[in-house]
Structure formats: C-alpha cells, structure tokens
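Since the structure comes first, as structure tokens, the remarks are kept for the end.
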Amino acid sequence: MLPLPKVEGDNRSKARALSVKYSHPVWMVRRWMTYLGQEGAIQLMEWNNSPPSFSLSRANSGRGVSRDDLVLLLNKLKVPHELSPHMTEFVRLSMGLQNVIQAGLLKEGICAVQDEAAGLVVSVVDPQPGETIIDCCAAPGGKALFMASRLQGQGSIIAIDVNQARLRVLEAAAKVQFLDSVVNACQDDIRSFAAGASIRADKVLLDAPCSGLGVLCKKPDLRWKRTLKDLEQLILLQDELLDAASLLVKPGGILVYSTCSVDPGENNERVESFLTRHPEFIVEAVHKYVPNEFISEEGFFISHPTKHFLDGAFAARLFRVSI
C-alpha cells in the first residue's frame with residue numbers, strides 16, 4: 001500500500017494531500033479550506049465518509065397521524081428510535097428503516113422519510129391554513145407534501161417542476177397521504193411559468209437546484225460527478241430562478257430560497273446578489289421559526305453536518321414590501 005501524502009507546504013499542496021487522504025476532489029477541498037479552514041474542511045470530509053444514517057421518519061399529520069401514533073407503531077415493530085429535539089413531527093431512527101418499509105408504513109402514507117434539515121426549511125416557510133403557496137422546483141415532493149400537511153386541508157400548494165415523471169411521483173404520494181385536495185401539480189419551468197402567470201402567492205418556496213454538497217454523506221458518488229464549472233453554472237441558474245420566483249410573490253408575501261448545499265456561493269452570496277437586484281425584498285430573520293442554534297448572524301437558517309449532525313441545508317426568508 002502506498003503511503004498517504006503528508007499535509008504540508010502551501011495551500012495548493014495541502015489540498016492535494018487532503019484530497020488523496022479523504023477521497024474528495026481537489027477543487028472541493030480547496031474551496032472548503034477557503035470557507036471553513038483546514039480543520040473545518042477535514043471535519044466535513046470525515047462526515048461525508050462516515051456511514052450514512054437515513055434516520056428520520058416524518059409522522060403524516062395530513063392523515064391525522066401524530067408522532068405519538070408513529071412511536072406506538074415503531075414500538076410494535078421493535079424499531080429503535082428517539083424523538084427529534086427540533087421538529088414535533090419527526091422521529092429519529094438509529095436503525096430499522098427496512099422494517100418500517102416492509103411493514104408498509106411508507107406505502108400506506110403513515111409516515112415519510114425526510115431529513116430533519118429539510119423539515120426545518122418548511123418551518124422557515126411556516127405554511128398556514130388558507131394560504132396559497134408555490135413550490136417552484138417541487139419534485140419529488142418531500143417539502144411540498146410536508147407544507148401541504150401543515151395547511152390542514154385549507155389552502156393550496158402549487159407544485160411546479162420541469163420533470164413530468166418526478167411530478168407523477170409527487171402526485172401519487174399526495175394521494176397516499178390524503179393531501180391531494182390541496183396539492184396541484186404543474187409541469188413547467190418556473191421561468192416560463194412566472195413570465196406568463198398572473199397568480200401572486202402568499203408564499204413561494206424556491207428549493208433551488210444545487211451542487212448537493214450538503215448531502216455527500218448520503219450520496220458519496222456525487223462528489224466525483226460535480227466540477228467547479230458545474231457549480232459556476234448552477235450559481236447562474238440559481239440567480240435566474242430567484243428572479244423568476246420573485247415575480248410570483250404578492251406584496252407583503254414571503255419568498256424562501258433554500259438549498260441542500262454548504263457552499264456560501266450558492267447560499268448567502270446568492271441572497272445578497274438577489275437583494276441588490278430586487279430592493280422590493282428584505283431579509284426577514286428566521287428566529288421565530290427555527291431553533292437559535294441554526295440561525296446565522298444574517299438571520300438565515302443554516303444546518304451544517306459537523307455542527308448539527310444533519311444534512312447540510314440553507315434557507316433565507318425574504319419579505320416583499322408593499323411597493
């Protein structure tokens with residue numbers, strides 16, 4: 001076996017050595033060293049290389065299933081679990097997800113698998129009964145369906161996505177979870193939809209296409225499929241989608257921009273750029289919606305894998321002033 005390279009020399013040399021040692025692309029290591037420092041980059045790579053835990057199952061309040069009901073079912077199945085300290089609908093599974101699947105709890109719509117970080121993004125949106133909410137890149141529908149469950153049968157989720165096959169998955173899941181009365185699927189590119197639509201929503205969620213750098217623990221092959229050029233192209237797309245999504249927010253309404261990335265270039269930097277182009281929006285801090293440990297100095301929601309032991313995620317809540 002060849003010896004691992006020593007981590008020494010300038011930052012470029014250190015990044016090359018760390019890339020080999022922790023099996024990540026050099027460009028990614030260099031970027032993380034810039035944003036997180038060497039130790040922070042190492043911690044993130046160690047997390048990405050650790051065994052993934054698909055450990056969260058969301059109780060389906062849309063079907064009238066409470067977390068207590070779900071706990072009783074998990075006890076019957078003898079599935080080890082603990083309550084989420086952050087989300088009242090969530091239960092953490094340390095093992096036994098296959099038992100949950102085999103028992104039909106997912107197929108019957110009793111619960112759904114969703115990372116807690118994704119659930120916290122929905123908390124930032126804060127869906128309320130009676131609201132019209134547009135989910136701009138909705139498929140396969142985890143956040144759209146969680147938002148729908150919060151509407152308690154009153155209001156509407158307009159779930160837009162370019163991919164018809166993935167939208168069909170969303171529609172099928174909505175029926176299973178008894179949420180189809182408030183979920184309306186629409187195949188379209190949000191840019192063309194916004195250009196031709198007259199609707200203005202109470203809230204708009206743009207869970208933007210991103211690098212996925214916050215979920216590499218669960219998708220280890222993704223690190224080798226992403227390039228720096230991909231990231232640069234995604235940033236341009238994110239700006240275009242944000243501009244389009246902003247057209248769908250009524251005065252006094254809310255636009256939430258979110259990603260499953262830990263890269264500031266896709267997160268707070270995109271929001272800052274958007275605000276320079278759109279003075280009709282201001283940041284609304286998320287203190288009322290998520291625990292303080294997830295709130296950045298700017299008032300954004302940030303879940304970081306090595307700090308919170310959840311998927312990496314970001315969300316900004318933007319208020320459209322009445323102009």
Side-chain angles (χ1 to χ4, degrees), residues 4-50 52 115 117 120-121 124 206-242 257-277 283 285-286 290 293-316 318:
L4 291 174
K6 293 182 179 180
V7 182
E8 58 187 12
D10 60 17
N11 284 341
R12 186 183 297 269
S13 299
K14 289 179 180 177
R16 283 198 295 266
L18 290 171
S19 170
V20 174
K21 184 175 183 180
Y22 292 101
S23 190
H24 281 68
V26 175
W27 75 265
M28 206 174 283
V29 179
R30 291 188 66 188
R31 196 167 178 91
W32 288 343
M33 287 177 66
T34 299
Y35 285 126
L36 303 173
Q38 180 173 313
E39 191 57 38
I42 290 172
Q43 290 174 0
L44 182 55
M45 289 186 287
E46 288 177 338
W47 168 269
N48 292 340
N49 291 341
S50 65
D115 193 85
L120 287 163
V121 170
V124 172
L206 174 60
D207 188 41
C210 70
S211 64
L213 297 183
V215 295
L216 294 183
C217 179
K218 292 178 178 174
K219 299 179 178 181
D221 290 347
L222 186 60
R223 72 189 72 180
W224 302 114
K225 296 177 181 178
R226 287 282 184 241
T227 66
L228 183 57
K229 185 176 181 180
D230 290 337
L231 184 61
E232 292 167 349
Q233 291 175 338
L234 281 165
I235 285 171
L236 294 175
L237 175 61
Q238 289 156 2
D239 284 346
E240 289 183 9
L241 297 178
L242 261 171
Y257 171 73
S258 67
T259 74
C260 58
S261 176
V262 294
D263 194 290
E266 296 184 274
N267 295 339
N268 51 298
E269 290 179 15
R270 299 282 49 76
V271 174
E272 291 163 6
S273 175
F274 171 79
L275 293 174
T276 63
R277 301 191 304 275
V283 173
V286 300
V290 296
E293 66 191 89
F294 293 97
I295 303 172
S296 71
E297 291 182 2
E298 302 92 340
F300 303 143
F301 161 74
I302 296 178
S303 168
H304 198 280
T306 60
K307 179 179 179 181
H308 304 111
F309 307 106
L310 304 174
D311 285 351
F314 170 89
L318 307 172

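At distances below 3.5 Å, not a single donor-acceptor pair connects side-chain atoms of Arg223 with backbone N or O atoms of Met28. In this structure, Asn49 contributes its side chain and Tyr22 its backbone to a donor-acceptor pair below 3.5 Å. Panel note: side chain Asp230, backbone Thr227; a donor-acceptor pair is recorded below 3.5 Å. When atom types are taken as modelled, the side chain of Trp27 and the backbone of Arg226 share a donor-acceptor pair closer than 3.5 angstrom.
If you take CH2 on Trp47 and NE2 on His304, they are separated by 11.0 Å, rounding to the nearest 0.5 Å. Atom OG1 of Thr306 is separated from atom CD1 of Ile42 by 12.0 Å, given to the nearest 0.5 angstrom. Going from atom CZ of Arg270 over to atom CG of Leu242 covers 8.5 Å, rounded to the nearest 0.5 Å. Here the straight-line distance linking atom CG of Asn11 with atom CD of Gln38 works out to 8.0 Å at 0.5 Å rounding. In this structure, CG on Asp311 lies 11.0 Å from CG on Leu120, to the nearest 0.5 angstrom. Separation of atoms SG (Cys260) and CG (Asp115) is listed at 10.0 Å; rounding is to 0.5 Å.
Looking at every heavy atom in both residues, Ala41 comes nearest to Leu36 through N-CB, 4.0 Å. In terms of heavy atoms, Val262 sits closest to Pro264 at O-CD, 3.4 Å. Taking all atoms of both residues into account, the shortest heavy-atom contact from Val29 to Leu18 is CG1-CB, 3.9 Å. Here the closest heavy-atom approach between residue Glu266 and residue Thr259 is recorded as O-CG2, 3.8 Å. The minimum heavy-atom distance linking Cys217 with Ser50 is given by the pair SG-O, 3.4 Å. Between Gly212 and Leu222, the closest heavy-atom pair is O-CD2, 3.8 Å.
Summarising the local packing, CD of Glu297 is surrounded by 12 or fewer heavy atoms from other residues, nucleotides or ligands at distances under 6.0 Å.
Contact check for Pro209 versus Leu237: side-chain heavy atoms found under the 4.5 Å cut-off.
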Could you walk me through whether Arg16 and Ser19 pass the side-chain contact (heavy atoms from CB on, under 4.5 Å) check?
CA-CA 5 Å; Arg16 283 198 295 266; Ser19 170; 5.5 Å; no
Pair Leu228-Arg31, side-chain contact (heavy atoms from CB on, under 4.5 Å): steps then yes or no
CA-CA 9 Å; Leu228 183 57; Arg31 196 167 178 91; 4.0 Å; yes
Is there a side-chain contact (heavy atoms from CB on, under 4.5 Å) between His24 and Leu44? Walk through the geometry before answering.
CA-CA 11 Å; His24 281 68; Leu44 182 55; over 6 Å; no
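Between the side chains of Ser273 and Arg277, at least one donor-acceptor pair of N or O atoms lies under 3.5 Å.
Aromatic ring pairs are classed by plane angle as parallel below 30°, tilted from 30° to 60° and perpendicular above 60°; the pair Phe301 and Phe294 is tilted. Between Phe300 and Phe314, the ring planes lie perpendicular to each other; the angle is over 60°, past the 30° to 60° tilted range.
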